[in-house]
Amino acid sequence: SKNPAVVCAEETNPTFTAVATTGQISWYTEDPGTSGIPTTPQQATGSSYVPQITAVGEHTIWAIKYDNGCYSTRSSLNLTIRQIPTAPTTTSLAICSGEPNTQSLKASGESNAYFNWYADDAKERRLVTNSEGWLSSETGIGNYSYYATQVVGDCESPVSEAIFTIKPLPSAPVINNQKNLCEYDAAPTLQVIGTDIQWYAADKTTKLTSGETYEMGDMSVGSKKYYATQTVDGCEGAKALISFNVFAKPTSPTVIGARV
């Protein structure tokens, strides 16, 4: 048998073996004394023995040969049962559909630990070894679960779940159409219906104001375009267009006379 033998708690203890050409081998988990008749209970007999010890810590296993009514001196082997670490702390993250995923899920734990990532909570499909983070390659809308463990002293913890979420984009807000105007009309109040509204200028990038209404100030003659989006759960959706024209007032008619 390998000495010392090392296992993690909850694992099957190793098989200890001893060789003797004659006599019977007895096994002990408490010190049987240095010589003569053993002073502690015998646990098993035979050339091999699997200790039933479960307590975390250092343990000694003794073997004694009994032959022709006499007991041999004691042979001993050591068994170390290591504590299984607790599951690590994991950090989930979420992005909006269409955004590049540049952030990794994270795991943290004991200072002397390293981390493994799995695709399943049974730890059958390992994704990466010895990494604090895992970068998901998923692109579709939904929730994706990954599982991290920490390994300390060759003992692996239970899993801890981390979720990578790709959130859907909301639809464009509902617009109230604006009719065409004349340049002398009062500037209109544009309106849309939605959540967390943001207004944009015709270039689609210049932000104007937030809220469901926009008090327009430009009544110069020409085509007018304004855009609005809504943001739901941190994701900004498509832009809704409100377009209309401001027409110049026509020239006055020419009066050429009156017929009596």
Side-chain angles (χ1 to χ4, degrees), residues 88-108 117 132-148 160-260:
T89 299
T90 54
T91 302
S92 298
L93 63 89
I95 63 172
C96 300
S97 179
E99 291 181 356
N101 179 27
T102 59
Q103 302 180 68
S104 296
L105 300 167
K106 295 293 185 181
S108 60
W117 288 88
E132 291 183 359
W134 170 250
L135 182 66
S136 175
S137 61
E138 298 292 347
T139 58
I141 292 169
N143 297 315
Y144 302 93
S145 291
Y146 300 96
Y147 302 88
S160 182
E161 183 181 26
I163 300 174
F164 174 58
T165 300
I166 300 178
K167 297 182 289 186
L169 300 182
S171 59
V174 178
I175 65 171
N176 286 345
N177 289 320
Q178 174 59 50
K179 67 179 182 178
N180 294 328
L181 298 170
C182 298
E183 62 178 317
Y184 52 74
D185 288 329
T189 298
L190 307 181
Q191 185 176 30
V192 297
I193 300 173
T195 301
D196 193 9
I197 301 297
Q198 177 65 53
W199 290 88
Y200 293 88
D203 63 7
K204 298 184 181 181
T205 58
T206 302
K207 292 183 178 181
L208 299 173
T209 190
S210 58
E212 291 192 340
T213 59
Y214 172 58
E215 302 290 339
M216 180 184 162
D218 176 20
M219 285 298 289
S220 60
V221 173
S223 175
K224 306 298 179 184
K225 290 184 178 181
Y226 296 91
Y227 295 89
T229 63
Q230 65 173 332
T231 297
V232 177
D233 194 20
C235 296
E236 187 177 27
K239 292 179 171 66
L241 169 64
I242 297 180
S243 63
F244 59 97
N245 295 303
V246 176
F247 293 114
K249 63 181 178 180
T251 59
S252 298
T254 301
V255 178
I256 60 175
R259 181 179 294 178
V260 177

query: If we only count heavy atoms from C-beta on, is the Met216 to Pro188 side-chain gap below 4.5 Å?
result: yes

query: For the residue pair Ile197 and Ala228, what are the closest heavy atoms and their distance?
result: CG2-CB, 4.2 Å

field: Distance in Å, Ile163 CD1 paired with Tyr147 OH, rounded so as to fall on 0.5 Å steps
entry: 8.0 Å

- request: Identify the two heavy atoms, one from Lys106 and one from Trp117, that lie closest to each other, and give their separation to 0.1 Å.
  value: C-CZ2, 3.8 Å

Single hit among Leu208, Thr213, Ile175, Ile242 for side chain to side chain contact (heavy atoms under 4.5 Å, CB included) with Leu190: Ile242

task: Give the ring-plane orientation class for Tyr214 versus Tyr226, where under 30° counts as parallel, over 60° as perpendicular and anything between as tilted.
output: tilted

field: Full working for side-chain contact (heavy atoms from CB on, under 4.5 Å) between Val232 and Asp196
entry: CA-CA 7 Å; Val232 177; Asp196 193 9; over 6 Å; no

field: side-chain hydrogen bond (donor to acceptor under 3.5 Å, both in side chains) contacts in which one or both residues fall within residues 176-185, not counting sequence neighbours
entry: Asn176-Gln191

message: Tell me which pairs pass salt bridge (Lys or Arg N to Asp or Glu O under 4.0 Å) where either residue lies in residues 202-215, with sequence neighbours left out.
response: none

field: Partner residues of Asp218 under the side-chain hydrogen bond (donor to acceptor under 3.5 Å, both in side chains) criterion, sequence neighbours left out
entry: Ser220, Lys224

- prompt: Say you draw a straight line from OH of Tyr144 to OG of Ser92; how long is it, rounded to the nearest 0.5 Å?
  reply: 14.5 Å

- prompt: Nearest heavy-atom pair of Ser136 and Tyr146: which atoms, and what distance?
  reply: OG-OH, 2.8 Å

field: Gap between atom CG of Asp233 and atom CG of Leu169 - 0.5 Å precision
entry: 11.0 Å

query: What heavy-atom pair brings Ala186 and Met219 nearest, and what distance separates the two atoms?
result: O-CE, 4.2 Å

- request: State the OG1-NZ distance between Thr229 and Lys239, to the nearest 0.5 angstrom.
  value: 6.0 Å

- line: Of all heavy-atom pairs linking Ala238 and Pro173, the shortest is O-CD, 3.9 Å

field: Thr102 OG1 to Ile95 CD1 distance, which is reported to the nearest 0.5 Å
entry: 8.0 Å

- request: Just grab all the side-chain hydrogen bond (donor to acceptor under 3.5 Å, both in side chains) pairs involving residues 163-174, residues at least two apart or on different chains.
  value: Asn143-Thr165

field: With sequence neighbours excluded, residues passing side-chain hydrogen bond (donor to acceptor under 3.5 Å, both in side chains) with Ser145
entry: Glu161

- prompt: Can you tell me if Ser160 and Thr90 form a side-chain donor-acceptor pair at under 3.5 Å?
  reply: yes

query: Atom CZ in Phe247, atom CG in Leu181: separation rounded to 0.5 Å?
result: 9.5 Å

message: Go through it in stages, so that I can follow the logic: the residues are Ile166 and Asn101, the test is side-chain contact (heavy atoms from CB on, under 4.5 Å), and I'd like the CA-CA distance, side-chain angles, deciding distance and then a yes or no.
response: CA-CA 9 Å; Ile166 300 178; Asn101 179 27; over 6 Å; no

task: Mind jotting down which residue pairs meet the disulfide bond (SG atoms under 2.5 Å apart) criterion with at least one end in residues 191-260? Sequence neighbours excluded, please.
output: Cys96-Cys235

- request: Measure across Gln230 and Gly194 and return the closest heavy-atom pair with its distance rounded to 0.1 Å.
  value: OE1-CA, 3.4 Å

